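The structure under discussion appears below in the form of structure tokens.
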Amino acid sequence: MPAAVCGLLALLLGLPFAGGTAPGAVDDAAARAVAHLSPGVLRALVFPTEPYVVVALGLLAVVLCLRAGRRREAALALAVPVLAILLTALVLKPLYDRWKNDTLVYPSGHTVSLVAVLTVLVVVTRRVVVAVLSAVTLLAAAAGLVGMGYHYLTDVVGGTLFAVAVVLFSWPARRPEPAPSTG
């Protein structure tokens with residue numbers, strides 16, 4: 001159910017901006033909120049979206065799965081983020097046709113790649129600390145992407161929702177561990 005809600009929200013969020021170039025009111029407010037940040041700070045905030053960082057985090061998820069003997073999940077940890085990125089680049093961006101600085105921006109590909117990998121890490125580890133660090137990383141990256149002028153906030157939110165939806169739709173339900181026998 002959460003996957004369907006995230007997917008639907010991602011699809012609906014982009015509709016008011018389809019075919020356009022103008023920011024919405026929330027986009028303007030977000031841009032003003034981060035306008036005071038220096039270029040150096042903004043570059044640091046965007047750092048987690050760099051491909052080599054995303055790939056390293058993805059490989060960490062694969063290694064964790066392999067160490068736990070979960071080969072199917074290791075394959076999914078590689079394939080699912082790639083699927084989310086391809087769907088974004090080849091289907092959603094052309095479909096929504098939202099432009100900024102001569103680039104299609106909805107949903108944010110930077111965000112989709114980062115959030116898909118972070119969501120995989122959260123699902124693989126099932127650790128609160130990983131979820132919290134992932135959320136903080138996403139908030140920082142969102143501020144950087146908006147502040148650098150790469151994306152509107154709605155692009156980032158749409159990318160986040162879409163990436164989470166793809167991972168959750170693709171990931172197998174975890175079966176509970178059997179209870180030890182008492183007899």
Side-chain angles (χ1 to χ4, degrees), residues 2-3 6-7 9-10 13-14 23 26-27 29-67 73-74 76-89 92-93 98 100-101 103-171:
C6 286
L9 289 174
L13 178 62
V26 171
D27 297 323
R32 282 192 308 276
V34 297
H36 68 283
L37 298 174
S38 72
V41 168
L42 292 172
R43 279 192 299 278
L45 294 174
V46 171
F47 178 74
T49 68
E50 293 292 338
Y52 51 88
V53 175
V54 173
V55 168
L57 292 171
L59 291 175
L60 173 62
V62 171
V63 168
L64 292 172
C65 290
L66 291 174
R67 285 187 57 204
E73 287 186 17
L76 287 172
L78 279 175
V80 172
V82 171
L83 174 65
I85 293 164
L86 289 174
L87 287 171
T88 298
L92 294 181
K93 283 184 180 265
R98 185 182 197 188
K100 183 173 186 180
N101 304 328
T103 304
L104 288 170
V105 292
Y106 187 88
S108 164
H110 290 92
T111 305
V112 168
S113 61
L114 176 64
V115 171
V117 170
L118 291 176
T119 304
V120 166
L121 278 169
V122 169
V123 171
V124 165
T125 63
R126 296 167 48 175
R127 302 265 189 237
V128 172
V129 68
V130 175
V132 170
L133 289 173
S134 294
V136 169
T137 301
L138 172 60
L139 290 173
L145 290 168
V146 170
M148 294 289 287
Y150 297 157
H151 285 284
Y152 298 118
L153 180 61
T154 47
D155 305 330
V156 174
V157 172
T160 299
L161 291 166
F162 183 70
V164 169
V166 171
V167 172
L168 295 182
F169 267 128
S170 304
W171 212 262

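What you see is a predicted model; the values in this text were computed from it and never measured.
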Minimum heavy-atom distance between Pro107 and Thr88, given as atom pair plus value: O-CG2, 3.6 Å
Would you indicate whether the side-chain heavy atoms of Tyr106 and Lys100 approach each other to under 4.5 Å? no
Can you tell if the side chain of Val82 reaches within under 4.5 Å of the side chain of Leu78, non-hydrogen atoms only? no
Which atom names give the shortest non-hydrogen contact between Phe162 and Ala10, and what distance separates them? N-CB, 3.7 Å
Per-pair distances, 0.1 Å, donor-acceptor, side chain in residues 31-42, under 3.5 Å, sequence neighbours excluded:
residue : atom : partner : partner atom : Å
His36   : ND1  : Ala33   : O            : 3.1
Ser38   : OG   : Val41   : N            : 3.2

Here the pair of heavy atoms bringing Leu76 nearest to Trp171 is CB-CZ3, 3.5 Å
Tell me if a side-chain donor or acceptor on Thr103 pairs with a main-chain N or O of Asn101 at a distance below 3.5 Å. yes
Would you say Leu92 and Leu87 make side-chain contact, with heavy atoms under 4.5 Å? no
Do Val156 and Tyr150 have side chains that approach each other closer than 4.5 Å (heavy atoms only, starting at C-beta)? no
Heavy-atom pair with the smallest gap, counting every atom of Ser134 and Val122: OG-CG2, 3.7 Å
Considering non-hydrogen atoms only, spot the tightest contact between Ala61 and Val124 and give its length. O-CG1, 4.3 Å
Roughly how far apart are Asp155 CG and Leu104 CG, rounded to 0.5 Å? 10.5 Å
Distance-only donor-acceptor pairs under 3.5 Å for side chains of residues 112-121, two or more places apart:
residue : atom : partner : partner atom : Å
Ser113  : OG   : Gly109  : O            : 3.2
Ser113  : OG   : His110  : O            : 2.9
Thr119  : OG1  : Val115  : O            : 2.7

Below 4.5 Å, heavy atoms only, C-beta onward: do Leu138 and Thr111 meet side chain to side chain? yes
Where is the tightest heavy-atom contact between His151 and Ser108, given as atom of each residue plus distance? NE2-OG, 3.2 Å
What side-chain donor-acceptor pairs closer than 3.5 Å can you find for residues 46-59, not counting sequence neighbours?
residue : atom : partner : partner atom : Å
Thr49   : OG1  : Val46   : O            : 2.7

